[in-house]
Amino acid sequence: MSEHVDVAVMGMGPGGEVAASRLLAAGQRVAVIERELIGGECAYWACIPSKTVLRPPEAAGEVDRVQGAGGAGLDWARARDYRDYMARHLDDSGQVRSYADHGALVLKGEARVLSRGRLEVAGRELTCDHVIVATGSDAVIPPIDGLDTVTTWTNRETYTTRDLPSRAVIVGGSAVGVETAQFLVRFGVQVTLIQRSDRLLGREEPRVSELAQKYLQETGVEIRTGTSPTRAYQEGADNVLDLTDGTQAGGDVIIFATGRTPRTNGLGLGDAGVKFGERGEILVDDHCRAADGIWALGDVTAVMPFTHVAKYQARIVADAILGRPHAAHYTGIPRVVFADPEIAAAGLTQAQADDDGLTTSTAEIDLAQSLARPWTYEGDPRGHLGLLADRDRRILVGAWAVGPQAGEWIHQASLAIRTHIPIETLLDQVAQFPTYSEGYLTALEALDL
Ligand SMILES: Cc1cc2nc3c(=O)[nH]c(=O)nc-3n(C[C@H](O)[C@H](O)[C@H](O)COP(=O)(O)OP(=O)(O)OC[C@H]3O[C@@H](n4cnc5c(N)ncnc54)[C@H](O)[C@@H]3O)c2cc1C
Ligand SMILES: NC(=O)c1ccc[n+]([C@@H]2O[C@H](COP(=O)([O-])OP(=O)(O)OC[C@H]3O[C@@H](n4cnc5c(N)ncnc54)[C@H](O)[C@@H]3O)[C@@H](O)[C@H]2O)c1
C-alpha cells in the first residue's frame with residue numbers, strides 16, 4: 001500500500017533542503033528523498049569544501065600583502081582536516097535524524113515519478129499532492145580519445161582528495177576551473193589551465209576575464225586559452241593531453257571543470273507532462289512550476305546554477321504551494337568567483353544590454369586611484385569596479401568588481417539593479433569611510449549620463 005504526503009521533495013541539495021524545511025515549518029507532511037547525501041553537491045563536493053580550502057591561501061596571501069605583517073604559512077593537512085569537518089566527513093546521519101525529528105518522512109534512495117502524484121523510491125510507493133524536483137546537476141566530461149587510460153578528476157575527487165598532486169592540468173576556465181586553479185596553485189601544485197574559448201569566465205565582461213587571467217597568472221597558473229584536448233594518453237607516469245593548437249599538457253591528474261548537466265535521467269518526468277529545454281533542463285514558469293503538481297528548482301532548471309538561486313527558487317516554490325504565490329525575479333543576482341582577489345558581477349554585461357537594445361553608459365575605476373581603503377588594506381593595492389547604466393531610465397543595469405571582498409560589496413550594486421534605484425539617489429548615498437563601497441560614488445560620477 002502506498003503512503004500519502006502533501007509534498008515529496010526529490011533531491012535534498014541546498015534547494016530541496018530549503019523547500020522541505022519551509023514546508024515542514026508550515027505544518028505540511030513532507031517526504032524528503034535523497035539518493036546520496038542530504039546536503040547535495042554543494043555541501044560535500046562543491047561550494048563548502050571549495051570555499052573552505054580557498055580561504056587559507058587567501059588569508060596567508062592577505063598577511064603577506066599587508067605592510068608590517070608577513071610570513072604566514074600554509075598547512076595542507078590542517079586545511080584538509082577542516083575541509084573534511086566542514087563536509088561532515090561525507091556523513092549525513094545528523095541531517096537524516098534532524099529531518100525525521102522535524103516530522104519529515106526521510107527516504108534514502110533514487111526517486112522516480114510513476115505518474116502524476118505517484119512516486120517510487122527504493123521499491124516503496126508514495127502518493128503526494130506536489131512533487132518538487134531538486135535533483136541538481138552532474139559534471140560534464142567531454143568525449144576525448146583515450147580518456148579511460150589517464151587519471152581524471154571532477155570536483156568530487158578534487159575536493160575530497162587526501163593528497164595534492166604535484167602537477168595538475170585543469171580543463172575548463174570558468175568558475176570551477178578558476179577556483180580550482182587558485183586553490184591548487186596556492187598549495188604549491190603546478191597548474192596548467194586549458195580553456196577552449198579565448199578568455200576565462202566567458203559569460204562575464206571581457207575586462208573581467210582580463211583581470212582574472214592577470215591575477216591567476218601572477219599566482220603562477222599557466223593559462224592556455226583558445227585550445228582544447230583532442231587525445232589523452234599515458235607517457236611514463238604522466239597523464240598527457242594533446243591539444244588542438246598542437247601542443248601538449250601533462251600532469252599527475254587531469255581535472256575536468258567543463259560544466260554541468262541537469263540530472264533528469266530516469267526520473268520519469270516526461271510521462272508526467274514535464275517539458276525539457278535544449279540542455280536537458282526542466283522548463284519552469286516564473287513560479288518554478290514544471291507541470292500540474294510538479295515543481296522544479298535549482299541546477300536541474302539551469303536558470304542560474306548557483307546555490308543562492310536554488311535556495312531562492314525553493315522559497316518561490318514553497319510559497320506557491322502554501323498559497324501565497326509570487327513570481328521569481330532573477331535581475332541583479334550576484335555571481336561571485338572566489339579567486340584572490342574575488343571576482344564579482346551582477347546584472348547585465350554590455351553585450352547583453354546591447355542585445356536588449358539599451359542605450360548605455362559605462363565606467364571603470366581603479367579603486368587604488370580614488371580610495372583610501374585599498375591602501376589601508378594592503379601594500380600593493382588591487383581593485384577595479386565597473387558599472388553599466390541605462391541612460392534612458394537613469395538606473396544601473398550591470399556591475400562588476402575585482403578586488404578584495406568584492407563578493408561582499410557587489411551586493412550594493414545587486415540591490416540597486418534589482419530595485420531600479422535612480423542614479424540620483426545612488427549619488428546621494430553615503431558609504432562608510434574608508435571602505436571599498438566608497439568606489440561606487442567615484443564610478444557613478446564617471447558615468448556619462
Ligand atoms: C566545485 C563547485 C563549486 C561551487 N561553488 C559554488 C559557490 O561557491 N556558490 C554557489 O552559489 N554555487 C556554487 N556551486 C554551484 C552549486 O553547487 C549548485 O548550484 C548547487 O549545488 C545546486 O543545488 P541543487 O539543490 O539544485 O542541487 P545539488 O546540490 O546537486 O543537489 C541535488 C541532490 O539531488 C539528489 N538526487 C539526484 N537525483 C535524485 C533522485 N532521482 N532521487 C533522489 N535524489 C536525487 C542528489 O544526490 C543531490 O544530493 C559550485 C559548484 C561546483 C561544481
Ligand atoms: N562561486 C560560485 O558561485 C561557483 C563556483 C563554481 C561553480 N559554480 C557554478 O557551477 C557551474 C559549473 O561551473 P563550471 O565552471 O564547471 O562550468 P561552466 O559551464 O561555467 O564553464 C565551463 C568552461 O569549460 C570550458 N570548456 C568546456 N569544454 C571544454 C573543453 N573540451 N576544452 C576546454 N575547455 C572547455 C568552457 O569554455 C567554459 O569556460 C556554473 O554554472 C557556476 O555558476 C559557481
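Counting convention: from 1, in listed order, for ligands and their atoms alike. Computed from a predicted structure; not experimentally measured.
In summary, the atoms of ligand 2 found under 4.0 Å from a heavy atom of P229, numbered by their order in the structure, are 32 (N). Ligand-side atoms of ligand 1 in range of L267: 41 (N), range being under 4.0 angstrom from any heavy atom. Residue contact check: F338 has heavy atoms under 4.0 Å from atoms 1 (N) of ligand 2. In the vicinity of P142, heavy-atom distances shorter than 4.0 Å reach the ligand 2 atoms 31 (N). Each of the following atoms of ligand 2 lies closer than 4.0 Å to a heavy atom of K51: 1 (N), 5 (C). Within the listing of ligand 1, atoms 30 (O) sit less than 4.0 angstrom from a heavy atom of S137. Listed by number with element, the atoms of ligand 2 under 4.0 Å from a non-hydrogen atom of V171 are 30 (C), 32 (N), 33 (C). Within the listing of ligand 1, atoms 49 (O) sit less than 4.0 angstrom from a heavy atom of L37. Below 4.0 Å from some heavy atom of F306 lie the following atoms of ligand 2, by number and element: 3 (O), 43 (O), 44 (C). The ligand atoms of ligand 1 that sit less than 4.0 angstrom from a heavy atom of I33 are 43 (C), 44 (N).
In this structure, the protein non-hydrogen atom closest to atom 31 (O) of ligand 1 is G13 CA, 3.3 Å. Annotation: atom 37 (C) of ligand 1 to nearest protein heavy atom, T135 O, 3.3 Å. Regarding atom 15 (O) of ligand 2, its nearest protein heavy-atom neighbour is V176 N, 3.0 Å. Looking from atom 8 (O) of ligand 1 to the surrounding protein, the closest heavy atom is K51 NZ, 2.8 Å. Scanning the protein heavy atoms around atom 26 (N) of ligand 2, the nearest turns out to be T258 CG2, 3.7 Å. Looking at atom 5 (C) of ligand 2, its nearest protein heavy atom turns out to be E179 OE1, 3.3 Å. The protein heavy-atom contact nearest to atom 38 (C) of ligand 2 is Q195 OE1, 3.9 Å. Here the protein heavy atom with the shortest distance to atom 6 (C) of ligand 1 is C47 SG, 3.3 Å. For atom 17 (O) of ligand 2, the closest heavy atom belonging to the protein is G259 CA, 3.2 Å. Annotation: atom 19 (O) of ligand 1 to nearest protein heavy atom, D299 OD1, 2.7 Å. Atom 20 (O) of ligand 2 has as its closest protein heavy atom R203 NH2, 2.5 Å. Nearest protein heavy-atom contact of atom 1 (N) of ligand 2 is V336 O, 2.6 Å. Looking only at heavy atoms of the protein, atom 11 (C) of ligand 2 is closest to R260 CG, 3.8 Å.
With 3.5 Å as the limit, one finds a donor-acceptor pair spanning the side chains of D354 and Q350. Side-chain contact check for N155 and R260: at least one donor-acceptor pair (N or O, by modelled atom type) lies under 3.5 Å. Using modelled atom types, one finds no donor on one side chain facing an acceptor on the other under 3.5 Å when comparing H130 with D6.
With salt bridges taken as basic N to acidic carboxylate O contacts below 4.0 Å, one links D238 and R167. Using a cut-off of 4.0 Å between Lys/Arg side-chain N and Asp/Glu carboxylate O, E210 and R207 are scored as salt-bridged. Under a 4.0 Å N-O distance rule, the pair E3/R124 qualifies as a salt bridge.
Between N155 and ligand 1, a contact under 3.5 Å exists for no N or O pair. Below 3.5 Å of separation, one finds no N or O of Y159 facing any N or O of ligand 1. Here's the thing with T227: none of its N/O atoms is less than 3.5 angstrom from an N/O atom of ligand 2. At least one N or O atom of G15, backbone or side chain, sits closer than 3.5 Å to an N or O atom of ligand 1. For the pair E179 and ligand 1, the shortest N or O to N or O distance does not fall below 3.5 Å.
Contacts of M304 with ligand 2, taken as heavy-atom pairs under 4.0 Å, are absent altogether. Residue-level proximity to ligand 2 for R196 is carried by backbone and side chain together, each with a heavy atom below 4.0 angstrom.
At a 4.0 Å cut-off, not a single heavy atom of V121 sits close enough to ligand 1 to count as contact. Ligand 1 is never approached by A257 to a heavy-atom distance shorter than 4.0 Å.
Around atom 53 (C) of ligand 1, the closest heavy atom drawn from E41, R260, R35, R156 belongs to R260. Among G177, A257, G202, the residue whose heavy atom lies nearest to atom 23 (C) of ligand 2 is A257. Evaluated by nearest non-hydrogen atom to atom 15 (C) of ligand 1, the leading choice among G259, A46, G40, P305 is P305. Distances from atom 48 (C) of ligand 1 to the heavy atoms of E36, E110, E34 show the closest one on E34. Which of A134, A296, A111 comes nearest to atom 32 (C) of ligand 1 through a heavy atom is settled by distance: it is A134.
Closest non-hydrogen pair, T258 versus V140, comes out as OG1-O, 2.7 Å. In plain terms, the two heavy atoms of Y99 and L24 that are nearest each other are CD2-CD1, 3.9 Å. The two atoms that bring Y312 and H329 nearest to each other are OH-N, 2.8 Å, heavy atoms only. Across all non-hydrogen atoms, the minimal contact from V253 to T152 is CG2-C, 4.5 Å. Across R224 and Q248, no two heavy atoms sit closer than the pair NH1-O, 2.9 Å. Of all heavy-atom pairs spanning A43 and I48, the tightest one is O-CB, 3.6 Å.
Aromatic rings of Y44 and Y159 (six-membered ring for Trp) have centroids beyond the 6.0 Å cut-off, not under it.
Shown here is K311, whose NZ atom has no more than 12 heavy atoms of other residues, nucleotides or ligands within 6.0 Å. Heavy atoms of other residues, nucleotides or ligands lying less than 6.0 angstrom from CZ of R324 number more than 12. By the neighbour-count criterion of 12 heavy atoms within 6.0 Å, atom CD of Q190 is sparsely surrounded, having that number or fewer from other residues, nucleotides or ligands. Annotation for D101: atom CG counts as buried by contact number, over 12 foreign heavy atoms lying within 6.0 Å. Residue-environment remark: OH (Y82) stays at or below the threshold of 12 foreign heavy atoms within 6.0 Å. Other residues, nucleotides and ligands contribute only 12 or fewer heavy atoms inside 6.0 Å of the CD atom of E408. With a 6.0 Å radius and a threshold of 12 heavy atoms from other residues, nucleotides or ligands, H102 has its NE2 atom at or below the threshold.
Side chains of L241 and R231 form no contact here, defined as non-hydrogen atoms less than 4.5 Å apart.
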